[in-house]
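Inspection log for the structure reproduced underneath, given as structure tokens.
So you know, we letter chains A, B, ... as the sequences are listed, proteins then strands, and number each from 1.
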Protein chains: 4
Amino acid sequence: MRKQRDGAGTKEIVIAAAKAAFAERGFSGTSLAYISRQCGISEGLILHHYKSKQGLYQAVLEELSVGYDDMLVQAMTGAENPDEMAGNMLAATFRFWSEDRVYNRIAMWAYLENRTELIAAETALTAKLAGLLTEMQKQGRVDAAFSPLTLLTMTIGPIHFWTRYREQFKRALGLEGTMDELNRRFLQEYMSLIEKLYRPVTGSAGETS
Amino acid sequence: MRKQRDGAGTKEIVIAAAKAAFAERGFSGTSLAYISRQCGISEGLILHHYKSKQGLYQAVLEELSVGYDDMLVQAMTGAENPDEMAGNMLAATFRFWSEDRVYNRIAMWAYLENRTELIAAETALTAKLAGLLTEMQKQGRVDAAFSPLTLLTMTIGPIHFWTRYREQFKRALGLEGTMDELNRRFLQEYMSLIEKLYRPVTGSAGETS
Amino acid sequence: MRKQRDGAGTKEIVIAAAKAAFAERGFSGTSLAYISRQCGISEGLILHHYKSKQGLYQAVLEELSVGYDDMLVQAMTGAENPDEMAGNMLAATFRFWSEDRVYNRIAMWAYLENRTELIAAETALTAKLAGLLTEMQKQGRVDAAFSPLTLLTMTIGPIHFWTRYREQFKRALGLEGTMDELNRRFLQEYMSLIEKLYRPVTGSAGETS
Amino acid sequence: MRKQRDGAGTKEIVIAAAKAAFAERGFSGTSLAYISRQCGISEGLILHHYKSKQGLYQAVLEELSVGYDDMLVQAMTGAENPDEMAGNMLAATFRFWSEDRVYNRIAMWAYLENRTELIAAETALTAKLAGLLTEMQKQGRVDAAFSPLTLLTMTIGPIHFWTRYREQFKRALGLEGTMDELNRRFLQEYMSLIEKLYRPVTGSAGETS
DNA sequence: TATGAATGAGGGTTCATTCAT
DNA sequence: GATGAATGAACCCTCATTCAT
């Protein structure tokens, strides 16, 4: 019986519940009744604000997309050279994928459902990073023998993979430590490996010397 | 219609349709009515053979799991040394993920739906590969500075990533050539990079010292 | 809990209830729940047999259309000359419109809802009668000064009108007698008037002079 | 939007949209949301002015009824004898039914929905015309062999019928000319036929001989 | 007067499942 | 083994209406 007449507030409550629900169960696995139950707002009112279940989903996706954009912009500002910027963006990406379970899962659902709403932001990231890599290759700081896209795939792929399988690895392989510790350890090794990957194959004279 | 009393044949037809449907639309996005329409077998009969929608899904997952196992076994046999075996398995994995859209997608749906049916096979692969890597590290043929699990993540992660994003990359970045060509080119660079990644850091001066 | 597994029987029961309901309340004024309640057959089962509310409505319209056709055919057979046939058809039409409240009303609803399902049969009647009239005009038995279509309008229009307004007339003008008696009296006068209408203007003196 | 505090203007806009909507789709086929969309006035405000959907419908019916009355009064005034008055009323009725699609259709919906709001005016017309006919019969100018009500039915019925079926006739029978022309042609023949119908059977010589 | 938030009932339809045949 | 009749719950959505602002 929420008689508060607070449209904006209501929408926020609804979208929070929807985000969680869609993340956990996907679009067709989530019913409006469920969301309604979760946030205590009647189905009718939800529909009043978002027109349809699709509309609500879209709103969720758009919010997530904006969040991704913000993350990117934040990661890009303040860096003094391509190296630093690339590093920042990588770290931010890792943090985002690794920590934001909701984004993480909804992105997968959306992919499977052939939704394109989230793709723009992710593609922007890829393009930006590809540009940075190209520049770094020109400066001789990144191995120029490989296409930036492949390098990116080698870079971001493991992050996604780790995020998706880490729990299963922990369980199946009996890894010790908390997930936080595992994450830290992985990140450390990962960074070293990325460096190894990018490092130009030196000639006689070492360039990093 | 089909009054052939051919249980086995019917089951095959049903499971093929179910596989395609679940791959495309996920479990809750797929209705028995849809599957029934796709394969021309009545819902009643489908249920007769598989007890429930869940049962049918399970059967699909199990078949996929068996297929994965077979792929693995085949990749492992005939190799004469860990290097070759590892290479074979990697190539097979790439082929499997890259080409089997159905497995690919169902594995993702299943992951999101917290299903464990497909995980066993994948974990077995990981464990096996980890074992091989450890051995190769002992033999000094793989950089021993990193844990096998991290190396694996760096190895398989890009395959998944590439499979998931390649089409979007092609579209968004305007890549030229057919997808087959792109795949080939990627695979070539990928292999080189994997080698670079694994290669022990040689040289007179010890690197971890 | 009708566990009779009698598809055809069920469909009949449903369509009878639907006919009555649609006649009384129109398409959008009738809910499946109402029909379901009226005939004791679950909404689910109704939809199982007729796919949709529209499908059910269509089935009703088609049945009525067939009924109309049958009436026509029956009226046309057995007559020995155009006069008799025309008379028969007129009488049958009167009886049909006058007595079949369900057809009567559904035809009106359907007209308002821009449905064409019932029009074919009615148009067929008009065309047939127009043909008969033309022939009778050639034989000099019907006034040739008017187009058959106008004559038909003058003929059938009053039937529809009478059917629609008779109750109201009875009430508002305080007519005595049962509706049956009123009907009989009207029909008698109506027939005389039709004859007067059709009768060629004879005599030595030209009629249009 | 419209913060003009113009109650009367608002009501006019609403009722115009409502009239059109109810004419096209009937009462239960029309939603307040639809009317609101059509005229750009919020559902809340519509309800504020008309209390309920029923109230709005009633207002529409009353307006139409008043329009009918006006038409009648106008047709009745200025005539110098029963003949002229009857002629005027007939012509007005024809014009009204023939041209006012909205009245035409709403009257049918209302009839089917057992609404009585429009009946009073129509009954008044009938009564008035019946009175005129009686008088004309007394004066020997109209065939006294038939009851005025039957004569009226023969007179007005064809108008309704023509209005309802003319388009279908045009299409199905391939009539040439615009609808306007068809209307004119029909009206001309109709008037002659009405005259023929009313004309007292004269003369010493028996007419049916 | 005017809006739009909020409600709750009911709309048609889909769904997985059971069961008689 | 195979069909389709039958069910009942749930689904998304529309509806008329109320009420705070």
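- For the pair D:F27 CZ and F:dC15 C1', the computed distance is 11 Å after rounding to whole Å.
- Distance, D:I41 CD1 to E:dA2 P: 7 Å, rounded to whole Å.
- In this entry the distance linking CG of B:L45 with P of E:dC19 reads 17 Å, nearest Å.
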Problem set entry | Structure string for DNA chain E in dot-bracket form, Watson-Crick and G-U at under 3.5 Å, | interchain | .||||||||||||||||||||
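- Listed for the D:K19 side chain is no donor-acceptor partner under 3.5 Å among the backbone atoms of D:I106.
- Spacing between atom OH of A:Y34 and atom P of F:dC12 amounts to 13 Å, rounded to whole angstrom units.
- Here D:L47 lies in heavy-atom contact (under 4.0 Å) with a base.
- Counting any heavy atom pair closer than 4.0 Å across all strands shown, C:H49 reaches sugar-phosphate atoms only and no base atom.
- Inspection of the D:Y57 and D:E113 side chains reveals an N or O donor paired with an N or O acceptor under 3.5 Å.
- At a threshold of 4.5 Å between non-hydrogen side-chain atoms, the residues C:Y50 and C:Q58 do not count as touching.
- Atom pair D:Q58:CD and F:dA16:P shows a separation of 17 Å (rounding to whole Å applied).
- In this structure a side-chain-to-backbone donor-acceptor pair under 3.5 Å is present from B:S31 to B:Y34.
- For C:L32, counting side-chain heavy atoms from C-beta on, the closest listed nucleotide (E:dG12, E:dG4, E:dT1) is E:dG12.
- For a distance-only test at 3.5 Å, the side chain of A:R5 qualifies as a donor-acceptor partner of the base of E:dA5.
- With distances taken from any side-chain atom of D:E43 to the nucleotides F:dA16, E:dA2, E:dT1, the minimum falls on F:dA16.
- Protein atom CD1 of A:I13 is 14 Å distant from nucleotide atom P of E:dA5, rounded to whole Å.
- Minimum atom distance to the side chain of A:H48 is reached by E:dA5, of the listed E:dT17, E:dA5, E:dA2.
- Residue A:A33 has its side chain nearest to F:dC11 when only E:dA6, F:dC11, F:dC15 are considered.
- In this structure, the CZ atom of B:R37 is 15 Å from the P atom of F:dG4, given to the nearest Å.
- Considering only heavy atoms from C-beta on, C:H49 comes within 4.5 Å of C:T10 through its side chain.
- One finds the OG1 atom of C:T123 at 10.5 Å from the CG atom of C:L118 (value rounded to the nearest 0.5 Å).
- Regarding C:Y50, its OH atom lies at a distance of 20 Å from the C1' atom of E:dT14, rounded to whole Å.
- With distances taken from any side-chain atom of A:S31 to the nucleotides F:dC12, E:dG12, F:dG4, the minimum falls on F:dC12.
- Proximity of A:T10 to the phosphate of E:dA5: no side-chain N or O atom is located under 4.0 Å from OP1 or OP2.
- Comparing F:dA16, E:dT17, F:dC12 by their nearest atom to the side chain of B:K53 picks out E:dT17.
- Under the 4.5 Å side-chain criterion, counting only non-hydrogen atoms from C-beta, A:R115 is in contact with A:L61.
- Put simply, the side chain of D:W109 gets close to the backbone of D:F22: a donor and an acceptor are under 3.5 Å apart.
- Among the protein residues, C:T30 comes within range of the sugar-phosphate backbone only, with heavy atoms under 4.0 Å from sugar or phosphate atoms but none that close to a base.
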